[in-house]
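Take a look at the structure below.
Keep in mind it's a predicted model, so treat the numbers as computed, not measured.
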Amino acid sequence: MANTPDKTFRTVDVGSGDDGRWAGLIRATYPPEALAGWLTEEGRTDEGARAARRLFETHLPELVPALERLRAGLADIPHTGTLLTLAAVRPFYAGCTQIGAGGELLRNYDFDPDQVEGSIVRSHLLRPVIGTQEGGWGLLDGMNDAGLAISLTFGGRKVHGPGFAVVIVIRYLLETCTTVDEALARLRTLPITVPQNLTLVDPHRAVTVHLGPDIPLTEAPDACAANHQSEPVPPEQERETRTGERLAAVRAAGPDVAAMLRPPLHHGGYDRGFGTVYTAHYRPAEGAVTYHWPAADSWSLSFGAFTEETRTVRLGAA
């Protein structure tokens, strides 16, 4: 992979998920074998499928009708119903830095660009939501029409337990909650499969919480997150990810787009699968988000102005 690769992003309005637009996007993005490859070995069994469905129905019942609508569009692909629960998928570990302040949410998403879907989706499954899609219908970050925005970072500890991939949890919270406090109350009841940090913002509050299969929900001292959940950061982890340096930098900079587009917050390690794929700046009270890259024009979207198009951008510095 080149040191400064290109990445293609697309915007798609998938509506309520029942008119074929979402299914068409998934079919165009993933071959069927790639979808099946997300599942754990247990998730491929009948017993594992039933367990995933029970977990989904127990904890995310409001989304069951939406899951069924989406599943119908991919009915010919094996294990689709289990996959869409996102309760039996292999864990993934990403980078990321984020901050919430003043009703705004600003985040960098760091990962292998070749493994990122690159779809920015507007939907109306239960309510209007715009976000960066991953995992079929999960979200890496997003906002809803009530003025709530949420994004994730990996928590830095490679432990794994039963529960949901966090991308479906973000989808669930944005579909069912209107405030940070309401989302936090729901989060306390949801099992998460790997350690994650979520930053949540509404017009009145911003907070970061640490989650994991082995810890209770814990509020961070401020609404900032990189890729650790306690300090001091182990030296080897710091050498590999610079998570402590990034957290200190984002705290010092505040919600500053320019700072997110340069080191140490912007990563160029694409050949190691740890480069910054995009910077997203959410203003949820305005229903607006702008995506930024150091060497490309920004891309502004909102609930009132969401056009479907495709753009290929250079990810690294000019």
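- Taking Ile, Leu, Val, Met, Phe, Trp and Tyr as hydrophobic and joining them when side-chain heavy atoms fall under 4.5 Å apart, one finds Val159 isolated, its cluster having no other members.
- In this structure, Asp202 and Glu182 have side chains that are not in contact, with every pair of non-hydrogen atoms separated by 4.5 Å or more.
- Using modelled atom types and a 3.5 Å distance limit, the side chains of Asp181 and Thr179 yield no donor-acceptor pair.
- Contact annotation: the side chain of Leu140 approaches that of Leu152 to within less than 4.5 Å [non-hydrogen atoms, C-beta and beyond].
- The heavy-atom pair separating Thr199 from Gln98 by the smallest distance is OG1-NE2, 2.9 Å.
- Ring geometry for Tyr109 versus Phe111: interplanar angle of 30 to 60°, hence tilted.
- Between Ser123 and Arg171 the shortest side-chain heavy-atom distance falls below 4.5 Å.
- Asp141 and Thr132 form a side-chain donor-acceptor contact under 3.5 Å, judged by distance and modelled atom types alone.
- Looking only at side-chain heavy atoms (C-beta outward), Gln196 and Val169 stay at 4.5 Å or farther from each other.
- Residues Leu190 and Tyr172 approach most closely at CD1-CD2, 4.0 Å, considering heavy atoms.
- Residues Val250 and Met260 have side chains in contact (heavy-atom distance under 4.5 Å, counting atoms from C-beta outward).
- His281 pairs in a side-chain hydrogen bond (donor to acceptor under 3.5 Å, both in side chains) with only one of the listed residues (Arg107, Glu104, His292), which is Glu104.
- Applying the salt bridge (Lys or Arg N to Asp or Glu O under 4.0 Å) test to every pair with at least one member in residues 227-243, sequence neighbours left out, gives these pairs: Arg242-Glu245.
- Between Leu247 and Thr97 the shortest side-chain heavy-atom distance does not fall below 4.5 Å.
- Listed by chain and number, the residues in a ring-ring contact (aromatic ring centres under 6.0 Å, His included) with Phe274 are His267 (sequence neighbours excluded).
- By the 4.5 Å heavy-atom criterion applied to side chains, Phe9 and Val277 are counted as neighbours.
- Between the side chains of Arg44 and Thr82, no donor-acceptor pair of N or O atoms lies under 3.5 Å.
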Q | Derivation and outcome, ring-ring contact (aromatic ring centres under 6.0 Å, His included), residues Trp299 and Tyr278 | A | CA-CA 11 Å; Trp299 195 355; Tyr278 62 86; over 10 Å; no

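- Side-chain contact between Gln229 and Thr218: absent, with no pair of heavy atoms (C-beta onward) separated by less than 4.5 Å.
- Here the side chain of Asp13 pairs no donor or acceptor atom with the backbone of Phe306 at under 3.5 angstrom.
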